[in-house]
Amino acid sequence: MWCRHKGDSHRNIIMWLDHRAVSQVHRINETKHGVLQCVGGVMSVEMQAPKLLWLKENLRETCWDKAGHFFDLPDFLSWKATGVTARSLCSLVCKWTYSAEKGWDDSFWKLIGLEDFVADNYSKIGNQVLPPGASLGNGLTPEAARDLGLPAGIAVAASLIDAHAGGLGVIGADVRGHGLACEGQPVTSRLAVICGTSSCHMGISKDPIFVPGVWGPYFSAMVPGFWLNEGGQSVTGKLIDHVVRGHAAFPELQAKATARCQSVYAYLNSHLDLIKKARPVGFLTVDLHVWPDFHGNRSPLADLTLKGMVTGLKLSQDLDDLAILYLATVQAIAFGTRLIIEALEAAGHSLSTLFLCGGLSKNPLFVQMHADITGMPVVLSQEVESVLVGAAILGACASGDFASVQEAMSRMSKVGKVVFPRLEDKRYYDKKYQVFLKLVEHQKEYAAIMKGD
Ligand SMILES: Nc1ncnc2c1ncn2[C@@H]1O[C@H](COP(=O)(O)OP(=O)(O)O)[C@@H](O)[C@H]1O
Ligand SMILES: O=C(CO)[C@H](O)[C@H](O)COP(=O)(O)O
């Protein structure tokens, strides 16, 4: 989210993973206002309303009173490109409580103490809202064209949030000929998982589905005409990096990977293959288990107080130890996806295939573990940078190359590779999943003990 005021361009960003607005989000959730129904029942501290309230309560004179606009990053970028302050329906619906059908809810903003927005007709957070892919103003301004080295006037589309662009880039692909269950099933049987710094789990439906602890249902926020449920894990790629870089054997790993001109992940994956002996690689973690919520749980527990857990540590600090801890972390993230899928299905989604993209989808171990642990085939796109494919789909619509986002999706997304689950390992992962669920149960017990007298 961006807040900008004339003359001060410094320190005007609050990152999505910034959790400073904890007290504000608690107060917002205590209101039990109806808009919370569309964010899984509990608003996340990562959304915009608590961050805005924090700004009003903490930076009133220096920021709140002076700010001309508050933007989500995709809307900030389209404003910089075109000079148009119109917002994307995607960002306003998914992060700002706007409804595609009813617009802003005055009573919510008044109740939480941000009645200022109502008074000025939402001019600072958006009172012109466009569907993603709609053409903005007169396209690229001469100034932005100069900065980007592109022709002035080139079409600029109303945007999507990065994860939603990734979802659009993968979910509509033609899957014929790959032996997938979703061939011949509606597109609603597909779950797009955009996995980078965080992971976002995008499921779509024809009718609204309310999933406790999962954001949405949001109408037309990703694929036009469909409702979106957005599950998520706040740190995934960031967690893997944190665990690997923080280990005592990291300098040795880095030196060995550099000597082989490999990424540290490629090196760790081949090291795991060396030490696994005759058993499947995933079985190396029979006595090492991780709970991955080092930055709270976004879905489906919607509990920002949860912390990470590791059980099964030993005294050793060598490369084998690092590789196995890395494996257990990757598996824990996949178990988190399984928990989200179970919540989506319990509420009415019927899913059969995962479509993975983002930086983590470059990691074959991460992809195989998602297939094995969820029991679902994973489709990878031909174009690795699927978030950019989603952005290109929007651009192609804005420039009039396609009549609809759906047509552009089916023409521009292509299946690259399919990874099937190793069903023979299912029993092992079912047992590890039982342990996974026990970890959070125990963590809540510890918190209750410490709270007691
Ligand atoms: N070649 C790779 N192999 C394995 N993991 C990778 C690779 N490249 C990136 N990653 C992982 O992906 C994460 C970043 O994903 P990315 O989609 O680029 O980020 P963001 O979500 O911030 O856009 C990193 O934290 C890292 O864990
Ligand atoms: O909330 C999200 C999408 O709704 C994402 O977590 C957020 O956009 C950050 O994504 P990334 O992992 O690419 O940094």
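First listed ligand is number 1; within each ligand, the first listed atom is number 1. Index from 1, following the sequence.
In this structure, D116 pairs ionically with K56, as a charged nitrogen and a carboxylate oxygen lie closer than 4.0 Å. Look at E383 and K414 and you find no salt bridge, because none of the NZ, NE, NH1 or NH2 atoms lies under 4.0 Å from a carboxylate O.
Within a 6.0 Å radius of CD in E342, more than 12 heavy atoms belonging to other residues, nucleotides or ligands are found.
Polar contact with ligand 1: present for T197 (N/O pair, distance under 3.5 Å). Polar contact check, G358 against ligand 1: no nitrogen or oxygen pair lies under 3.5 Å apart.
Nearest protein heavy-atom neighbour of atom 3 (N) of ligand 1: Y265 CD1, 3.8 Å. With respect to atom 15 (O) of ligand 1, the closest heavy atom belonging to the protein is G196 CA, 3.2 Å. Of all protein heavy atoms, the one closest to atom 10 (N) of ligand 1 is G359 O, 3.5 Å. For atom 27 (O) of ligand 1, the closest non-hydrogen atom of the protein is D241 OD1, 2.9 Å.
Each of the following atoms of ligand 1 lies closer than 4.0 Å to a heavy atom of G237: 25 (O), 27 (O).
When atom types are taken as modelled, the side chain of S413 and the backbone of G169 share a donor-acceptor pair closer than 3.5 angstrom.
Evaluation of the ring pair (Phe, Tyr, Trp, His ring centres under 6.0 Å) test over residues 341-399, restricted to residues two or more places apart or in two chains, returns F366-H370. Listed by first and then second residue, the ring pair (Phe, Tyr, Trp, His ring centres under 6.0 Å) pairs involving residues 231-276 are H242-F294 (not counting sequence neighbours).
A centroid separation of less than 6.0 Å is found between the aromatic rings of F70 and W64.
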Exercise. Do C90 and M222 pass the side chain to side chain contact (heavy atoms under 4.5 Å, CB included) test, and can you show the C-alpha distance, the side-chain angles, and the key distance before you say yes or no?
Worked result: CA-CA 7 Å; C90 171; M222 189 175 84; over 6 Å; no
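Screening Q48, K95, R87 for a side chain to side chain donor-acceptor pair (under 3.5 Å) involving D72 leaves a single residue, Q48.
Put simply, no part of I240 is less than 4.0 Å from ligand 1, judged by heavy atoms.
Aromatic ring orientation, W227 versus F219: tilted (interplanar angle from 30° to 60°).
For atom 5 (N) of ligand 1, a protein non-hydrogen atom is found at a distance below 4.0 Å.
Summarising the contacts of atom 2 (C) of ligand 1 with E385, K238, K362, the nearest heavy atom is found in K362.
In this structure, ligand 2 sits under 4.0 Å from heavy atoms belonging to W16, K95, I161, D162, A163, H164, T197, S198, C200, W215, E230, R298.
Applying the ring-ring contact (aromatic ring centres under 6.0 Å, His included) criterion to F226, with sequence neighbours excluded, gives no partner residue.
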